[in-house]
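The model shown is predicted, which means the values in this text are computed figures rather than measured ones. All residue numbers in this chain count up from 1 along the given sequence.
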Amino acid sequence: VTRDHARPLARMTPGEAATVIRAYCERYLALKDEACVEYISIFHNHGYDAGATLSHPHSQIIAIPVIPPDIGRSLAGSAAYYRRHRRCVHCAMIAFERRDGRRIVYENGDYIVFCPFVSRSAFEIRIFPKRHQPEFEAIGDREILAAADALRTALAKLERGLKDPAYNFFIHTAPTADGKRMPHYHWHIEIVPKTAVWAGFEIGTGIQISTTSPEVAGRYLRGIAT
């Protein structure tokens with residue numbers, strides 16, 4: 001729970017945002033070696049429509065004894081790509097986005113922020129470390145500062161550009177259990193703003209409709225001053 005009741009992450013100073021990221025790391029490390037823990041989920045809900053049950057800014061961390069299905073699919077996909085190409089799929093994605101440039105929202109020396117090529121919703125954002133790293137908890141203090149800068153900047157652009165939408169962000173990282181190290185994976189943060197409501201087509205088919213292309217979203221957010 002952050003101290004300030006009225007100030008979300010988007011309005012924190014870079015140092016304050018780094019304190020939040022550092023707390024994530026410290027709590028992760030305190031939980032990861034428990035025998036019953038396979039995966040640790042760190043997430044943040046902002047706004048009623050994103051499921052926030054408290055108006056006071058806060059994040060949540062849940063340690064669970066299984067690998068979640070969505071994480072499992074991501075791990076399996078990155079492993080399959082690595083077996084075929086001997087390269088991290090996320091590193092290939094980062095290289096592609098940097099060459100193309102249209103979907104990039106922000107970058108600093110250590111992190112890149114972009115709207116993914118196939119976004120699940122309008123203005124979805126992902127934040128990746130430029131250096132290949134499977135495990136979130138392994139980042140050092142300099143990387144924490146850079147991660148906080150990237151996250152705070154992305155959230156500030158959403159707040160100013162979309163008039164403070166509800167959103168969820170969460171960290172995807174490699175599992176914790178010994179013997180299951182996954183060097184092919186690349187940890188990252190995903191931000192999903194609530195820009196639309198699922199209706200009959202989406203619920204009935206599982207197909208999500210985005211009314212804004214990631215190229216348009218990237219260009220728009222890139223131009224928002226923070």
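- No hydrogens or angles considered: nothing links the side chains of Asp149 and Tyr111 as a donor-acceptor pair under 3.5 Å.
- Considering only heavy atoms from C-beta on, Ile171 stays 4.5 Å or farther from His188 through its side chain.
- With rounding to the nearest 0.5 Å, the separation of CZ in Phe43 from CZ in Phe170 is 11.0 Å.
- Of all the heavy atoms in Ala166 and Asp49, the pair that sits closest is CB-CB, 3.9 Å.
- The side-chain heavy atoms of Lys130 and Asp110, taken from C-beta on, include no pair separated by under 4.5 Å.
- The backbone N or O of Glu38 lies less than 3.5 Å from a partner atom in the side chain of Thr176, making a donor-acceptor pair.
- Residues Pro214 and Arg103 meet the side-chain proximity criterion, which asks for heavy atoms closer than 4.5 Å.
- Here CD1 of Ile94 is found 11.5 Å from CZ of Arg126. Values are rounded to the nearest 0.5 Å.
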> What do the steps show when you test Ser41 against Ile64 for side-chain contact (heavy atoms from CB on, under 4.5 Å), and what is the final call?
Replying inline: CA-CA 8 Å; Ser41 175; Ile64 57 177; 5.7 Å; no

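- Aromatic ring centres of Tyr185 and His90 lie closer together than 6.0 Å.
- Side-chain atoms of Tyr24 do not come within 3.5 Å of backbone N or O of Ile42 as any donor-acceptor pair.
- Val1 approaches His56 most closely through the heavy-atom pair CG1-CD2, 3.4 Å.
- Under 4.0 Å is where a charged nitrogen must lie from a carboxylate oxygen, and between Arg11 and Asp4 no such pair does.
- With values rounded to the nearest 0.5 angstrom, Ile21 atom CD1 is found 10.0 Å from Leu145 atom CG.
- At distances below 3.5 Å, not a single donor-acceptor pair connects side-chain atoms of Thr2 with backbone N or O atoms of His58.
- Using a 4.5 Å cut-off on side-chain heavy atoms (C-beta onward), Glu124 and Ile191 make no contact.
- With contacts defined as side-chain heavy-atom distances shorter than 4.5 Å, the pair Ile61/Leu31 qualifies.
- The aromatic rings of His44 and His46 lie parallel to each other, with less than 30° between the two planes, well short of the 60° mark.
- A salt bridge is defined here as a Lys NZ or Arg NE, NH1 or NH2 lying under 4.0 Å from an Asp or Glu carboxylate O, and Arg131 with Glu143 meets this definition.
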>> For a side-chain contact (heavy atoms from CB on, under 4.5 Å) check, start with the C-alpha distance between Phe123 and Leu221, then their side-chain angles and the critical distance, and finish with the verdict.
In response: CA-CA 8 Å; Phe123 294 94; Leu221 292 174; 3.8 Å; yes

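- For the pair Cys25 and Ile144, the minimum side-chain heavy-atom distance is below 4.5 Å.
- Residues Met182 and Tyr82 do not share a hydrophobic cluster, defined by chaining ILVMFWY side chains whose heavy atoms lie under 4.5 Å apart.
- Of all heavy-atom pairs spanning Ala138 and Gln133, the tightest one is O-NE2, 3.5 Å.
- One hydrophobic cluster holds both Met12 and Ile224 under the rule that ILVMFWY side chains link at heavy-atom gaps under 4.5 Å.
- At most 12 non-hydrogen atoms from other residues, nucleotides or ligands lie less than 6.0 angstrom from OH of Tyr48.
- Cys91 is listed as a side-chain neighbour of His132, based on a closest heavy-atom distance under 4.5 Å.
- Salt-bridge check for Glu159 with Lys157: failed, with every basic side-chain N at 4.0 Å or more from each acidic carboxylate O.
- Among all heavy-atom pairs drawn from Ala148 and Ala17, the shortest one is CB-C, 3.5 Å.
- With Thr19 contributing its side chain and Gly15 its backbone, the two residues share a donor-acceptor pair below 3.5 Å.
- With Arg222 contributing its side chain and Ile104 its backbone, the two residues share a donor-acceptor pair below 3.5 Å.
- Considering only heavy atoms from C-beta on, Ile125 stays 4.5 Å or farther from Phe114 through its side chain.
- To the nearest 0.5 angstrom, Leu151 atom CG is 6.0 Å from Leu9 atom CG.
- For the atom pair CD1 of Ile209 and CZ of Phe201, the computed distance is 5.0 Å after rounding to the nearest 0.5 Å.
- Taking CD of Gln208 as the start and OG of Ser119 as the end, the distance is 10.5 Å to the nearest 0.5 Å.
- One finds no salt bridge joining Glu16 and Arg152 here, because no Lys/Arg side-chain nitrogen approaches an Asp/Glu carboxylate oxygen to under 4.0 Å.
- Proximity of a side-chain donor or acceptor of Asn45 to a complementary backbone N or O of Asn168 within less than 3.5 Å is not detected.
- Considering every non-hydrogen atom in both His184 and Leu75, the closest pair reads CE1-O, 3.3 Å.
- In plain terms, the two heavy atoms of Arg7 and Thr13 that are nearest each other are NH1-N, 4.2 Å.
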> Stepwise, does the side-chain contact (heavy atoms from CB on, under 4.5 Å) test hold for Glu97 with Phe117?
Replying inline: CA-CA 8 Å; Glu97 294 296 348; Phe117 182 75; 4.1 Å; yes

> Checking side-chain contact (heavy atoms from CB on, under 4.5 Å) for the pair Trp187/His172: CA distance, chi angles, key distance, verdict?
Replying inline: CA-CA 6 Å; Trp187 83 267; His172 275 185; over 6 Å; no

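- In the displayed structure, Arg120 atom CZ is contacted under 6.0 Å by more than 12 heavy atoms of other residues, nucleotides or ligands.
- Ring centers of His186 and Phe128: under 6.0 Å apart, within the cut-off.
- When atom types are taken as modelled, the side chain of Tyr39 and the backbone of Thr173 share a donor-acceptor pair closer than 3.5 angstrom.
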